[in-house]
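Counting starts at 1 for both ligands and their atoms, following the listed order. Predicted, not measured: the structure shown is a model, and the values here were computed from it.
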Amino acid sequence: MERTLSLVKPDGVNRNLVGEVIRRFEKEGLKVLALKMLCLTKKQAEAFYAVHKGRPFFDELTAYMSSGPIVAMVLEGENAVARVREIMGATDPQEAAPGTIRADLGLNKGENTVHGSDSLENAAKEIAFFFSEHELKATER
Ligand code: UDP
Ligand code: MG
C-alpha cells in the first residue's frame, strides 16, 4: 500500500470539479484518507513547488496556486503514486491521454486541474506539508 498527495487546483475548485476529481480517484479504488480545502499564500506555494524554483514558469505557477482555494487530499492504494499520475494524465492537457482528468478537464499546461506527487519520497514530504500526524491518525484503519 502507498499513500500519495493530490490537489484539486484553483481552476478545478472554481469550475465545481472537486467532486468529479475525487470520484475519478475513488472509482479506481483509491481511498481518501484525509481531505481539506484551504488557500495557500504565495510563500506557501513557493515552498510547495520549491523544486521548480528558477524555472521560467515558477512565478506564474505559484501566483496561480495561491489565487484561490484548493482541495488537498491523501489517497491510499496499491501503487497509489503511479496510479494517481496515470489517472491525472500528462502535465499539458493537450498531451494527456484521452480519459484522463487533465485531458478531459484541464484548461492549459498551467491550469491543469490536479496535482499528484511524482514519487513515494515526494509523496511523504507533500503529505506532511498539508496534513499533521493527528489529521492522518483520525482515519487510520
Ligand atoms: N507548469 C507550467 N508550465 C510548464 C510546466 C509546468 O505552468 O511548462 C505548471 C503546471 O501547473 C504543472 C506544475 O507547474 O502541473 C508542476 O510542473 P511539473 O513539471 O511538476 O508537472 P506535474 O508533475 O504537475 O505534471
Ligand atoms: Mg510535478
Please state which protein non-hydrogen atom is closest to [atom] and give its distance, to 0.1 Å?
| atom | result |
| --- | --- |
| atom 3 (N) of ligand 1 | F57 CG, 3.6 Å |
| atom 10 (C) of ligand 1 | K109 O, 3.1 Å |
| atom 22 (P) of ligand 1 | T91 OG1, 3.5 Å |
| atom 24 (O) of ligand 1 | R102 NH2, 2.9 Å |

Counting only N and O atoms by type, is there a donor-acceptor contact under 3.5 Å from the side chain of [X] to the main-chain atoms of [Y]?
| X | Y | value |
| --- | --- | --- |
| N112 | T91 | yes |
| Y64 | K9 | no |
| R83 | E28 | yes |

For F48, give me all partners under ring pair (Phe, Tyr, Trp, His ring centres under 6.0 Å), at least two apart in sequence or on another chain.
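Result, ring pair (Phe, Tyr, Trp, His ring centres under 6.0 Å) vs F48: H115, F129, F130.
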Partners passing side chain to side chain donor-acceptor pair (under 3.5 Å) against D92 (at least two apart in sequence or in another chain):
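Per chain and number, D92 pairs via side chain to side chain donor-acceptor pair (under 3.5 Å) with no residue.
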Would you please determine whether [X] falls within less than 4.0 Å of ligand 1 on a heavy-atom basis?
| X | value |
| --- | --- |
| L61 | yes |
| R85 | yes |
| K9 | yes |
| H52 | yes |

Please indicate whether any nitrogen or oxygen in G110 is less than 3.5 Å from any nitrogen or oxygen in ligand 1.
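Yes, since at least one N or O of G110 sits under 3.5 Å from an N or O of ligand 1.
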Is it the case that ligand 1 has an N or O less than 3.5 angstrom from some N or O of H115?
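No; every N/O pair is 3.5 Å or more apart.
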State, yes or no, whether a side-chain contact exists between V114 and I87 at a heavy-atom distance under 4.5 Å.
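With C-beta onward as the side chain, the pair stays apart.
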In Å and rounded to the nearest 0.5 Å, what is the NZ to CZ distance from K31 to R3?
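Rounded to the nearest 0.5 Å, the NZ-CZ separation comes out at 12.0 Å.
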Taking only heavy atoms of N112 into account, list the atoms of ligand 1 that are under 4.0 Å away from them.
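Contacts of ligand 1 toward N112, numbered from 1: 10 (C), 11 (O), 12 (C), 15 (O).
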As a quick check of understanding, evaluate side-chain contact (heavy atoms from CB on, under 4.5 Å) for E78 and E2, giving each step before the final call.
CA-CA 6 Å; E78 270 180 43; E2 288 181 2; over 6 Å; no
